[in-house]
Amino acid sequence: MSGLTTLGEAALGLVLLLGIFQSGCSLRFEVKDESNKTCILADLSVYFTVDYKMADTKTGKSNFTLPNTAVLDNSSSCGVKNGSAVPLLAIVFDSGNVLSMNFTKTDTDYKVDQLMFTYNLSNPVLFPGSTENGTKQVASSNTEMSAHTNKYYQCSNPHLIRMGNANVTFHNVKLEAYLNGNNYSKDVDVCKEDVTPTVTPTVAPTTPPVNPKTPDTGNYRVNGTSGAACILAKMGLQLNITYKKKDGKEASFRFNIDPKLVTVSGSCSNTSALLRLSSDNLALLFTFTLNTTANKFYLGRVSLNTSVPDAAEPNFVVDSGSLSFLETATHKSYKCNTKETLKITDKFSMDTYSLHVQAFDVEENKFGPAVECADDQNGMLVPIVVGAALAGLVLIVLIAYLIGRKRSHAGYQTI
Ligand SMILES: *[C@@H]1O[C@H](CO)[C@@H](O)[C@H](O)[C@H]1NC(C)=O
Ligand SMILES: *[C@@H]1O[C@H](CO)[C@@H](O)[C@H](O)[C@H]1NC(C)=O
Ligand SMILES: *[C@@H]1O[C@H](CO)[C@@H](O)[C@H](O)[C@H]1NC(C)=O
Ligand SMILES: *[C@@H]1O[C@H](CO)[C@@H](O)[C@H](O)[C@H]1NC(C)=O
Ligand SMILES: *[C@@H]1O[C@H](CO)[C@@H](O)[C@H](O)[C@H]1NC(C)=O
Ligand SMILES: *[C@@H]1O[C@H](CO)[C@@H](O)[C@H](O)[C@H]1NC(C)=O
Ligand SMILES: *[C@@H]1O[C@H](CO)[C@@H](O)[C@H](O)[C@H]1NC(C)=O
Ligand SMILES: *[C@@H]1O[C@H](CO)[C@@H](O)[C@H](O)[C@H]1NC(C)=O
């Protein structure tokens, strides 16, 4: 165990230190069909961190890398052309630990649709002192591993995928599915972690003002495959990130998203809708999720990749993992004129201004009926209370006047 842990820790240290690994340590996996044609080709280095239960409600943390004894599992396949099965790459190691990914494609691109990791808690080397036996499975369908058809996917920097109790970090990855020949295509699509930010920031100013002005409101739209809108978002955004400066001190940096400087892109599937705002040195991704049983959508994930001028680490990368912000019934839109602060992680929060958003079931490219946030409703309360008080005052004055008139009238009569 200690050998494995130190190996794991050394590997993590290297990942953090160098960012980029030698491709020599990646393992090659190849899935072929009956006619020996390659359908998946992958060079992978993988680092795992798993939390597990120990006695006395203690939590163990196991760190290990994909060992070079890992082999292709028999369940790997190229999928059935007419049926529902999709290409599957499954890798097995240390008896009972299986890392698998299945692929899907559209006319233009393909992706790792789901990543699954089965780990064997009965393995005393990997999980010493585990109070649980047998295997556990975790999965994620938010892998962000995709490329255009006839291009291979490459990611040299660490690419983290969180799945319940397990974190899986890929690095030095070269991957292609639905291959044309038996080797990688010529062209490459690199992951967002590998996109080197340009030196001159266009969105983040070099000398951060302490309090930037209220951000301009942008109107963003993402179209579904039919061309109709599947995300509508009207919002002003101000980001606050906390980072380590070159001198080791922590600092926070606030900046606005300028709607005129960002490019909007995204995509929608039945239950997941992605809005991406990007510029030369920034990529901000919002993932909305649809819960079909509850008929609700919500902001399920936010990730940011940007550069900070005086930071020790030039690249600031954060990923929220799963969130449930702005929950709204389907066919409706979420509205919040009042400034709202979304705390994405300890190091990243986002203020929204004049927010109006809807994902999924957008009819005629227009917002559905708005559900106002609590702060807006409280904001409405003040005029209502003032109005009611004024009305009450008018009533009291009127009653007093009528009583006064009656009295003076009566007084006149007695004379
Ligand atoms: C596929 O390749 C293997 C080993 O390279 C070979 O033994 C087998 O005959 C080939 N099968 C076909 C259908 O070409
Ligand atoms: C899990 O590990 C134990 C101990 O190494 C082994 O006996 C068992 O067969 C493994 N389980 C599976 C499903 O492979
Ligand atoms: C796990 O399995 C081993 C062998 O089957 C058994 O001796 C042990 O008691 C089991 N532990 C738990 C917590 O069930
Ligand atoms: C496959 O392509 C790589 C470069 O992408 C090359 O180094 C390798 O030799 C090729 N393999 C075969 C069998 O052609
Ligand atoms: C969505 O479609 C509208 C209307 O066709 C178009 O103006 C807009 O640019 C499209 N948005 C994106 C992000 O492609
Ligand atoms: C930014 O966020 C950090 C951490 O949440 C907080 O301490 C800091 O005050 C914020 N900065 C500004 C300018 O609001
Ligand atoms: C998405 O929804 C459409 C229409 O309801 C359905 O035909 C299709 O099978 C769904 N796709 C997936 C992947 O669930
Ligand atoms: C959908 O919502 C229901 C009810 O709130 C909840 O029980 C269920 O876990 C949710 N499903 C997903 C996939 O989040």
Side-chain angles (χ1 to χ4, degrees), residues 1 4 50 52 62 64 67 69-71 73-75 90-100 108 116-130 132-137 204-205 207-215 218-234 237-245 249-256 259-260 262-268 273-279 284-286 288 302 304 306 308 311 316 318 320 339-353 358-359 362 364-366:
M1 170 57 198
L4 271 165
V50 181
Y52 62 97
S62 180
F64 50 96
T69 50
V71 292
D73 186 57
N74 289 338
S75 60
I91 299 163
V92 61
F93 61 97
D94 291 345
S95 72
N97 300 294
V98 185
L99 181 71
S100 62
T108 54
M116 284 148 292
F117 179 43
T118 304
Y119 52 97
N120 183 358
L121 290 168
S122 304
N123 186 326
V125 180
L126 294 183
F127 306 101
S130 171
E132 287 177 279
N133 266 347
T135 58
K136 276 211 161 170
Q137 193 179 54
T207 45
V210 179
N211 280 313
K213 66 176 181 61
T214 306
N219 282 293
Y220 308 112
R221 170 176 165 174
V222 175
N223 300 325
T225 43
S226 67
C230 60
I231 302 179
L232 290 177
K234 176 174 164 287
L237 294 171
Q238 186 170 97
L239 275 46
N240 173 6
I241 63 186
T242 304
Y243 65 99
K244 250 203 188 73
K245 290 204 289 190
K249 293 205 181 96
E250 270 215 338
S252 73
F253 179 27
R254 255 179 190 274
F255 62 97
N256 293 340
K260 292 187 293 298
V262 291
T263 309
V264 186
S265 59
S267 62
C268 295
L274 178 77
L275 166 65
R276 182 185 164 99
L277 304 179
S278 50
S279 70
L284 178 60
L285 277 74
F286 299 85
F288 293 92
V302 175
L304 169 69
T306 189
V308 189
F316 182 87
V318 278
S320 66
K339 179 183 104 174
E340 202 172 7
T341 301
L342 306 180
K343 191 170 183 297
I344 310 296
T345 68
D346 285 349
K347 307 231 173 299
F348 172 34
S349 68
M350 189 162 60
D351 291 347
T352 63
Y353 294 80
Q358 181 172 2
V362 176
E364 294 170 356
N365 305 317
K366 289 198 197 86

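Note that ligands are numbered from 1 as they come in the structure, with each ligand's atoms numbered from 1 the same way. From a predicted model like this one, the values you see are computed outputs, not experimental measurements.
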### Message
Strictly inside 4.0 angstrom of atom 11 (N) of ligand 5, do you find any protein heavy atom?
### Response
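Yes, because at least one protein heavy atom sits under 4.0 Å from atom 11 (N) of ligand 5.
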
### Message
Below the 3.5 angstrom mark, is there an N/O of S252, backbone or side chain, next to an N/O of ligand 6?
### Response
yes

### Summary
A student comparing T345, N240, I241, L239 should find that the heavy atom closest to atom 6 (C) of ligand 6 comes from N240

### Query
Heavy-atom distance to atom 8 (C) of ligand 5: which of V222, I231, N223 wins?
N223

### Task
Report, in ascending order of atom number, the atoms of ligand 2 lying under 4.0 Å from any heavy atom of G96.
12 (C), 14 (O)

Rounded to the nearest 0.5 Å, what separation is found between the [atom1] atom of [X] and the [atom2] atom of [Y]?
X    : Y    : atom1 : atom2 : answer
L284 : L239 : CG    : CG    : 6.0 Å
T352 : E340 : OG1   : CD    : 5.0 Å
T135 : N123 : OG1   : CG    : 12.0 Å

### Message
As a quick check of understanding, evaluate side-chain hydrogen bond (donor to acceptor under 3.5 Å, both in side chains) for R221 and N219, giving each step before the final call.
### Response
CA-CA 7 Å; R221 170 176 165 174; N219 282 293; over 6 Å; no

### Task
Using ring-ring contact (aromatic ring centres under 6.0 Å, His included) as the criterion, list what pairs up with F316, not counting sequence neighbours.
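Applying ring-ring contact (aromatic ring centres under 6.0 Å, His included) to F316 gives none.
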
#### Entry: Contacts of F117 that satisfy ring-ring contact (aromatic ring centres under 6.0 Å, His included) - sequence neighbours left out
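By the ring-ring contact (aromatic ring centres under 6.0 Å, His included) rule, F117 matches F48, Y119.
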
### Message
Quick check against the 3.5 Å criterion: does S279 have a side-chain atom that pairs as donor or acceptor with the backbone of V262?
### Response
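Not at all, since once roles are kept as given, no pair shorter than 3.5 Å links the two residues.
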
Among all protein heavy atoms, pick out the one at the shortest distance from [atom]; state its residue, atom name and that distance to 0.1 Å.
atom                    : result
atom 5 (O) of ligand 2  : S95 OG, 3.8 Å
atom 3 (C) of ligand 2  : N120 ND2, 3.6 Å
atom 13 (C) of ligand 2 : T135 CG2, 3.9 Å

### Any N or O of S265 closer than 3.5 Å to N or O of ligand 5
no

### Task
Could you say whether the N/O atoms of S122 and ligand 2 ever approach to under 3.5 Å?
no

